[in-house]
Novice: 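Sharing a structure below in structure tokens format, with a few things to ask.
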Number of protein chains: 2
Amino acid sequence: MATNRKLRKISDSTIHRLSIYYRALLALEKEGYDTISSKELAKREKLTPAQVRKDLSFFGSFGTRGLGYPVKQLMQEIAEILGINRAWNVALIGVGNVGSALVSYKEFAKQGFVIRLIFDNDQRKIGSNHKGIIVSDVADMASLIPEHNISIAVITVPGSAAQKVCDGVIESGVRAILNFAPVNLRVPNDVFLRNENMAIELEHLSFSLRNQEPMIAE
Amino acid sequence: MATNRKLRKISDSTIHRLSIYYRALLALEKEGYDTISSKELAKREKLTPAQVRKDLSFFGSFGTRGLGYPVKQLMQEIAEILGINRAWNVALIGVGNVGSALVSYKEFAKQGFVIRLIFDNDQRKIGSNHKGIIVSDVADMASLIPEHNISIAVITVPGSAAQKVCDGVIESGVRAILNFAPVNLRVPNDVFLRNENMAIELEHLSFSLRNQEPMIAE
DNA sequence: TAACGATTGTGAAACCATTCACAAATATGA
DNA sequence: TCATATTTGTGAATGGTTTCACAATCGTTA
């Protein structure tokens, strides 16, 4: 059981790596491993053994000295820590290119994130069927979102509309948002916001390429 | 001019924020601002004034004491630092749901990232036209990528195929990769890799929701 | 059952990023 | 032209994350 220890300030990086460990363990299980050492796990993910152990130690002690961590069990522990050992109802707002792609994205549902509602403000899209889900009018968010017990909203509308949509979903009671629009959304302190901004990632690559040669001057 | 100072170890966070500043400045310019203080800029992006100044100071001194930073000029400086004051040729590998969405994504080209080539291994897709670009066979990467002067590869193939595709584009001379496949790619040290993994972001949200109440036990 | 090798869990040390605080520089208004 | 208010740029202080290093523990083998 994922223990309730004093899990006060867990850093974003640690949570991020937990996701990475989880994927690694999935692969290890498939490959037939029963146990895995922090050393081996770290090597696979280009991390350090100490980091793996420290990350896990925030949540409990899951390993056996001299042996390592039990693959299956650790997977379950991490799933529980991350909250992915259950289903979350998701609403998708905006059925443009990105939105449509996400509806068909299988990894989504595999991890327990189930798209229950799809919204758009385009009359031509409202009522249409996307993978079995009828597109609703954004105007109906306030009633539909609580009704369907939605925990997470995924925003895939154009940047210009994003803040308004964001305010709307929060109004409807959503407290976790994944934003694909290329803008910085403003949310209250009790709302969790994550951004997926491919322009920023490309700019990072562009920076790296431009500064390839360490550029030591002066 | 973006100066060539001793820009040795710039942290990822700083580069990330540079992208954020750039977007903020775009908006400020539209709103008619000529200058902006670190205080104001920080307030808009929920950062601290000191952070803004420190970030910028790694690259030069662009402000005027008592006044602030000139909006237009600072934008250009950052564009130069990030390397987005020019065009980069991009190849897209994999025309599934995500790949198709990216081809139509306008922000892409706006920032100077121009998709020149599209690859797939599905015979039914090869030869088809996506927004004016004919889909090529992945088997032809080795010749086409150098020919078209591609700097960045965007990988949108299923996880199972991603590592092989990754090895292929590196073989063809690409040194910057944006990976959408939900796997940890292995690349040599001189290749820049960024990951866009929406499952991980969702898991982060899931973690936050699950631990909403600080969970102080023991 | 005892001895050995392996590996965890974790304080302490080292490292890195952020914030503080203030001198230096500039704009502005009298 | 001078005094005042503002804001930058940056060393120093702080706070946070990663790595180190080792005692504690366990499996294995003789």
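Naming convention: chains lettered A, B, ... in sequence-line order (proteins, then strands); numbering from 1 in each chain.
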Novice: I want to confirm an ordering. Mapping Gly68(B) and Ser13(A) to their closest nucleotides on DNA chain D, which one lands closer to the 5' end?
Specialist: Gly68(B)

Novice: Is a side-chain donor-acceptor pair under 3.5 Å present for Gln51(A) with Asp55(A)?
Specialist: no

Novice: What pairs meet the salt bridge (charged side-chain N to carboxylate O under 4.0 Å, His left out) rule with one or both residues in residues 187-203 of chain A, with sequence neighbours excluded?
Specialist: Asp12(A)-Arg194(A), Arg175(A)-Asp190(A), Arg194(A)-Glu201(B), Glu201(A)-Arg194(B), Glu203(A)-Arg23(B)

Novice: Is any side-chain N or O of Tyr69(A) closer than 4.0 Å to OP1 or OP2 of dG9(C)?
Specialist: yes

Novice: Tell me which nucleotide among dT7(C), dG11(C), dT17(D) gets nearest to the side chain of Lys54(A).
Specialist: dG11(C)

Novice: Taking protein heavy atoms under 4.0 Å as touching, what does nucleotides 21-30 of chain D look like 5' to 3' if B marks base contact, S marks sugar-phosphate-only contact and - marks none?
Specialist: B-BBBB----

Novice: Rounded to whole Å, how long is the line connecting atom NZ of Lys9(B) with atom P of dT18(C)?
Specialist: 14 Å

Novice: Measure the distance from CG on Leu56(A) to P on dT19(D) and round it to the nearest whole Å.
Specialist: 15 Å

Novice: What's the closest nucleotide to the Arg17(B) side chain, out of dT18(D), dT19(C), dT18(C)?
Specialist: dT18(C)

Novice: Short question: side chain of Thr156(B), backbone of Ile93(B) - any donor-acceptor pair under 3.5 Å?
Specialist: yes

Novice: Run the side chain to side chain donor-acceptor pair (under 3.5 Å) test against Ser13(A) and tell me which residues pass, sequence neighbours left out.
Specialist: none

Novice: Within the pair Thr48(B) and dT19(C), is there a side-chain N or O less than 4.0 Å away from OP1 or OP2?
Specialist: yes

Novice: Please report the distance, rounded to the nearest Å, between CG in Asp12(B) and C1' in dC15(C).
Specialist: 16 Å

Novice: Report yes or no: does Asn121(A) contribute a side-chain atom to a donor-acceptor pair with the main-chain N or O of Val138(A) at less than 3.5 Å?
Specialist: no

Novice: Rounding to an integer number of Å, can you tell me how far Phe62(A) CZ sits from dT10(C) C1'?
Specialist: 15 Å

Novice: Would you sort out whether Asn197(B) and Asn179(B) count as a side-chain contact (heavy atoms from CB on, under 4.5 Å), showing the intermediate values?
Specialist: CA-CA 8 Å; Asn197(B) 189 329; Asn179(B) 173 42; over 6 Å; no

Novice: Whole-Å distance between dG9(D) C1' and Phe58(B) CZ?
Specialist: 12 Å

Novice: Rounding to a whole Å, what distance do you find between Lys39(A):NZ and dG5(C):C1'?
Specialist: 12 Å

Novice: Starting at atom CG of Leu41(B), determine the distance to atom P of dT8(D), rounded to an integer number of angstrom.
Specialist: 10 Å

Novice: Just how far, in rounded Å, is C1' of dA17(C) from CD1 of Ile10(B)?
Specialist: 12 Å

Novice: So is Arg17(B) actually on top of Phe58(B)'s ring, under 6.0 Å and inside 45° of the axis?
Specialist: no

